[in-house]
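The structure appears below as structure tokens.
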Amino acid sequence: MIAETIKDIKSTLPNGVQLIAVSKFHPAEAVMEAYDAGQRLFGENKVQEMTAKYEALPKDIKWHFIGHLQTNKVKYIAPYVAMIHSIDSLHLLTEVNRQAEKAGRVIDVLLQIHIAHEETKFGMTFDECRGMLTEGSWKQLTNVRICGLMGMGTYTDDMTQVEQEFASLQAFLEELKGNWFKGEAAFKELSMGMTEDFPIAIKHGSTFIRIGTKIFGERNYNK
Ligand SMILES: *Cc1c(COP(=O)(O)O)cnc(C)c1O
């Protein structure tokens, strides 16, 4: 089932869109099933769980951190994480840079933008992000590479609303490309779209879709 779903999803993806299989709350065996089907990008939202899986599983897996990240835990993932999607402050970006330097790496990151009309989701507002970029000290952080933006749509059946949110993030990426990231070829990624809304996200320029439930089934939060 896992293998088939991955092949089905991949067969529909346009060029330039990559699938991140979100394996949080699912065991290493489920990850291996996806791995054996050729999947190499996996997403996790807890430091401890991701690190345990990293240690147990094949080393050519690219681990994408997609959850809220506390600064005191950055050190555990800095040696191996492929990309951090959830940078929501200069403070966190600075700590990722510090730990990346210690690990002798340059870490790819995305800035998480709050696009949902809900209070529970993390991320910067458009204006907070503009403010951080204008302030300018991020340019000194040479052990992180800002590759684009991440956002989550509102959890709702109203797909018109979700579509507006994705469109707003796509427009914001273009705004940033034309200002602070002029000539920076690496700044091009848009991480948006989950099980319920990924086709809409792709329509609006997503380059990373993050799919959990559709691949691995429902998560059991009581385990
Ligand atoms: C859990 C999670 C996903 C996957 O959600 P599904 O609806 O199961 O596809 C995607 N992105 C983030 C940030 C998540 O926390």
Side-chain angles (χ1 to χ4, degrees), residues 18 20 22-24 40-55 57 59-115 121-152 169-170 172-192 205-210:
Q18 298 193 71
I20 298 176
V22 177
S23 48
K24 64 189 190 196
R40 291 296 180 271
L41 274 56
F42 290 88
E44 290 281 339
N45 71 341
K46 296 230 161 34
V47 165
Q48 215 180 349
E49 183 176 350
M50 185 166 88
T51 302
K53 283 174 178 161
Y54 162 73
E55 283 167 1
L57 292 166
K59 292 297 173 284
D60 60 338
I61 289 179
K62 290 186 163 47
W63 293 101
H64 287 242
F65 193 81
I66 61 173
H68 181 62
L69 182 56
Q70 291 171 291
T71 47
N72 62 343
K73 294 194 174 161
V74 173
K75 59 177 176 284
Y76 301 113
I77 64 171
Y80 71 87
V81 68
M83 183 177 271
I84 298 172
H85 291 228
S86 45
I87 300 296
D88 59 2
S89 69
L90 179 62
H91 179 63
L92 179 58
L93 186 65
T94 304
E95 178 60 10
V96 172
N97 184 72
R98 202 170 76 90
Q99 295 298 340
E101 194 179 353
K102 271 194 188 174
R105 305 183 63 207
V106 174
I107 296 182
D108 286 346
V109 302
L110 304 177
L111 305 176
Q112 183 174 359
I113 308 297
H114 182 108
I115 53 171
K121 302 242 164 107
F122 296 100
M124 294 179 262
T125 64
F126 293 127
D127 271 344
E128 283 166 355
C129 185
R130 289 185 188 105
M132 183 187 107
L133 295 173
T134 302
E135 185 266 343
S137 63
W138 60 278
K139 288 181 196 155
Q140 262 91 64
L141 306 176
T142 50
N143 288 79
V144 287
R145 183 168 71 153
I146 302 177
C147 298
L149 304 174
M150 183 270 224
M152 287 171 87
L169 194 61
Q170 183 180 32
F172 193 54
L173 184 83
E174 291 309 313
E175 178 189 327
L176 268 49
K177 272 186 192 170
N179 289 286
W180 297 279
F181 294 96
K182 230 175 227 163
E184 302 268 341
F187 187 84
K188 61 177 169 51
E189 308 294 352
L190 209 44
S191 168
M192 60 184 192
S206 177
T207 63
F208 284 119
I209 54 168
R210 310 178 308 264

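Values reported hereafter were calculated over all heavy atoms of this structure, with side chains retained and with hydrogens, waters and symmetry mates removed.
With a 6.0 Å radius and a threshold of 12 heavy atoms from other residues, nucleotides or ligands, K59 has its NZ atom above the threshold.
Between the side chain of Y80 and the main chain of T51, a donor-acceptor pair closer than 3.5 Å is present. Using modelled atom types, one side-chain atom of R105 and one backbone atom of V81 make a donor-acceptor pair closer than 3.5 Å. A distance-only check finds no donor-acceptor pair linking the side chain of S86 to the backbone of H68 [under 3.5 Å]. Looking at D88, its side chain never comes within 3.5 Å of a backbone N or O of M124 through a donor-acceptor pair. Of the possible donor and acceptor atoms, one in the side chain of N97 sits under 3.5 Å from a partner among the backbone N and O of N143. The backbone N or O of T71 sits nowhere less than 3.5 Å from a side-chain atom of K75 that would complete a donor-acceptor pair.
Using cut-offs of 30° and 60° on the angle between ring planes, the pair F42 and W63 is tilted.
When only modelled atom types and interatomic distance are considered, E189 and T207 share a side-chain donor-acceptor pair under 3.5 Å. For the residue pair Q170 and E174, no side-chain donor N or O sits within less than 3.5 Å of a side-chain acceptor on the partner.
Evaluation of the side-chain hydrogen bond (donor to acceptor under 3.5 Å, both in side chains) rule for D108 yields R145 as partners, not counting sequence neighbours. In this structure W138 satisfies the ring pair (Phe, Tyr, Trp, His ring centres under 6.0 Å) test together with F181, sequence neighbours excluded.
Stacking of K177 on the aromatic ring of F172 is not recorded, the 6.0 Å distance cut-off and the 45° axial limit not both being met.
The only member of K53, K24, K62 that meets salt bridge (charged side-chain N to carboxylate O under 4.0 Å, His left out) when paired with E44 is K53.
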